[in-house]
Amino acid sequence: MTTLEKIKKYAMPNFGERDFVVSRGKGCALFDDKGKKYIDFGAGIAVASIGHANARWVRAVAKQAAEIAHCSNLYVTKPNADLCEALVKRIGAGKVFVCNSGTEANEALIKAARLYGAKVAGEGKKFRILTARDGFHGRTLGAVAATAQAKIQHGFEPLLEGFSYGNFNDLASFEDLMGDDVAAILVEPVQGESGVTPATAGFLKGLKKLARKHKALLLFDEVQCGFGRSGEFLACQRYGVKPDGVSMAKGLGGSFPIGAVWLSRPVQDIFTPGTHGTTFGGNPLACAAALATIAELDSKKLCANAKAMGEYLDSKLKAVAARHAGKIKLTRGLGLMRAVLFCDGYKNTDVCARLRKNGLILIPAGANALRFLPPLNIKKSDVDAAVKIFDKTVSEL
């Protein structure tokens, strides 16, 4: 029985039909089980932030695995303490909770908002959370309720109560929803899953003023757009807007599963013993992987590289879009988080499959977009090679 046959027979079908078996990766390349090479500009959906099989990362993970891989949070390990320190130093005064994934990080933000509301107004009086339509915050029930997309919520009703939805980049729609019962506003500085739509600076700054006016928290979901992908450590830092809390995951572990939440000093101690926890979160192996990834980010100046290569990729994609105006509507994004939106009649999943046959991996998004989410350490030659395949493939459509 082949690997694909085993997956079809024994794995649940929630990821749909799959016809591609990955065997290994190196840098921004993946290789299938037949040895074919692909340029990977998906990076495991923004996860392989320093490329596949990065030497520093491999050494750190192997060393930690040989010492201790897991320890209960009833005790303390040095990698966990060092990671919390590293994140606080890069984000600002506050404290960190380390978990396992982006959806867990967002669940923690939701719970923190509820605890905050109960603390300042009394239980049940300040609990509502405002989020943006077309956002994406994860697959657990709380995160699904926060995600204002019918296709994500369908079948899971009744949803967790207490969420209201405004329009992204439309401050007036959030003002209309605001009230003293609102505990927090939770948005992505760059909406990823719906097609890579950056926020405007005026929108994020306006949300901060609105939150302050009503004594609500401003929370940013940086699971996909954070960790250097925007050209700064966090995307909100490019906008000059500091929130009260941030969720992180994906690129933080450099390919290892990890999530984290940072809360600012006024609410950093909102979680007390028994109010929140995790079995695997903050384990020394995951934290060692994240620390190695941060070290690579710093030593190779990958935030600056993401900004420079993002601008270079953007210019190349705009040129392709101009050559194929009848097929491509527009390009957009920030740093190394870019998207191409196709015209009606061109299905993104079909284009994605054709690209893969030609040796390029991209990620579908939204109604008809493809995401470019390469490792942050790519070079111009990598961009040129990827765009060449993309241009050729679009020509064939």
Could you tell me whether the side chain of [X] and the main chain of [Y] form a donor-acceptor pair under 3.5 Å?
X      : Y      : result
Thr275 : Phe271 : no
Asn100 : Gly281 : yes
Asn169 : Thr200 : yes
Asp244 : Leu219 : no
Trp262 : Gly92  : yes
Lys327 : Val394 : yes
Glu222 : Pro189 : no
Lys126 : Asp181 : no
Gln224 : Lys250 : no
Asn305 : Leu376 : yes

Is a salt bridge present between [X] and [Y], judged by a nitrogen-to-oxygen distance below 4.0 Å?
X      : Y      : result
Lys318 : Asp314 : yes
Lys89  : Glu85  : yes
Asp298 : Arg90  : yes
Asp19  : Lys8   : no

Decide yes or no for [X] and [Y]: does some side-chain heavy atom of the first lie under 4.5 Å from some side-chain heavy atom of the second?
X      : Y      : value
Leu217 : Val267 : yes
Phe136 : Val223 : no
Tyr116 : Lys215 : yes
Leu204 : Tyr239 : yes
Lys316 : Asp384 : yes
Asp350 : Leu397 : no
Leu313 : Val387 : yes
Leu334 : Cys225 : no

Original post:
Does the side chain to side chain contact (heavy atoms under 4.5 Å, CB included) test come out yes or no for Arg371 and Met337, once each step is laid out?
Top reply: CA-CA 7 Å; Arg371 277 174 286 178; Met337 189 176 180; 5.8 Å; no
Nearest 0.5 angstrom please: Asp221 CG to Thr103 OG1, how far?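 Asp221 CG to Thr103 OG1: 9.5 Å, rounded to 0.5 Å.
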Next on the checklist: Could you measure the distance from the CE atom of Met309 to the CZ atom of Arg338? Nearest 0.5 Å is fine.
Outcome noted: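 Output value for this atom pair is 11.5 Å.
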Least distance between heavy atoms, [X] atom then [Y] atom:
X      : Y      : result
Ala53  : Gly25  : CB-O, 3.6 Å
Leu373 : Ala46  : CD1-N, 4.0 Å
Leu263 : Gly245 : CD2-CA, 3.9 Å
Asn283 : Ala69  : OD1-O, 3.2 Å
Leu171 : Phe203 : N-CD1, 3.8 Å

Looking only at side chains, do [X] and [Y] share a donor and an acceptor under 3.5 Å apart?
X      : Y      : result
Glu396 : Asn358 : yes
Ser164 : Arg128 : yes
Asn73  : Thr278 : no
Arg133 : Ser173 : no

Is [Y] reachable from [X] through a run of I, L, V, M, F, W or Y residues, each pair having side-chain heavy atoms under 4.5 Å apart?
X      : Y      : result
Phe127 : Ile129 : no
Phe256 : Val47  : no
Ile185 : Leu160 : no
Leu83  : Val96  : yes

Worksheet entry | Ring centre gap for Phe233 and Phe227 strictly below 6.0 Å |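 Distance test on ring centres: under 6.0 Å, yes.
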Between Phe390 and Phe41 (judged by ring centroids, cut-off 6.0 Å), do the two rings come close enough to count as a pair?
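No.
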Would you indicate whether [X], at its atom [atom1], is surrounded by more than 12 heavy atoms from other residues, nucleotides or ligands within a distance under 6.0 Å?
X      : atom1 : value
Glu161 : CD    : no
Phe20  : CZ    : yes
Arg212 : CZ    : yes
Arg265 : CZ    : no
Lys388 : NZ    : no

Quiz prompt | Residues that, via side-chain heavy atoms closer than 4.5 angstrom, fall in one hydrophobic cluster with Ile68 | solution =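 Besides Ile68, the cluster holds no residue at all.
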Decide yes or no on side chain to side chain contact (heavy atoms under 4.5 Å, CB included) for Lys111 and Ile270, but give the supporting numbers first.
CA-CA 10 Å; Lys111 289 180 72 175; Ile270 201 74; over 6 Å; no
Looking at Tyr312, is Lys380 sitting on its ring face, NZ or CZ under 6.0 Å from the six-membered ring centre and within 45 degrees of the normal?
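Flagged: Lys380 positioned over aromatic ring of Tyr312.
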query = Are Glu67 and Lys63 close enough, and set up right, to give a salt bridge (Lys or Arg N to Asp or Glu O under 4.0 Å), and what steps lead you there?
reply = CA-CA 7 Å; Glu67 294 173 356; Lys63 180 177 181 294; 2.9 Å; yes
Could you go through Asp82 and Lys78, starting from their C-alpha distance and side-chain angles, then the distance that decides it, and tell me whether this counts as salt bridge (Lys or Arg N to Asp or Glu O under 4.0 Å)? CA-CA 6 Å; Asp82 288 347; Lys78 187 175 185 298; 2.6 Å; yes
Working note: His52 + Arg24, criterion side chain to side chain contact (heavy atoms under 4.5 Å, CB included); need CA distance, chi angles, decisive distance, verdict. CA-CA 8 Å; His52 302 288; Arg24 64 187 180 92; over 6 Å; no
Practice item. Apply side chain to side chain contact (heavy atoms under 4.5 Å, CB included) to the pair Val340 and Leu362, showing each step before the final yes or no. Key: CA-CA 10 Å; Val340 169; Leu362 297 180; over 6 Å; no
TODO: Would you please classify the geometry between the Phe97 ring and the His276 ring as parallel, tilted or perpendicular, with 30° and 60° separating the classes?
DONE: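 His276 vs Phe97 ring planes: tilted.
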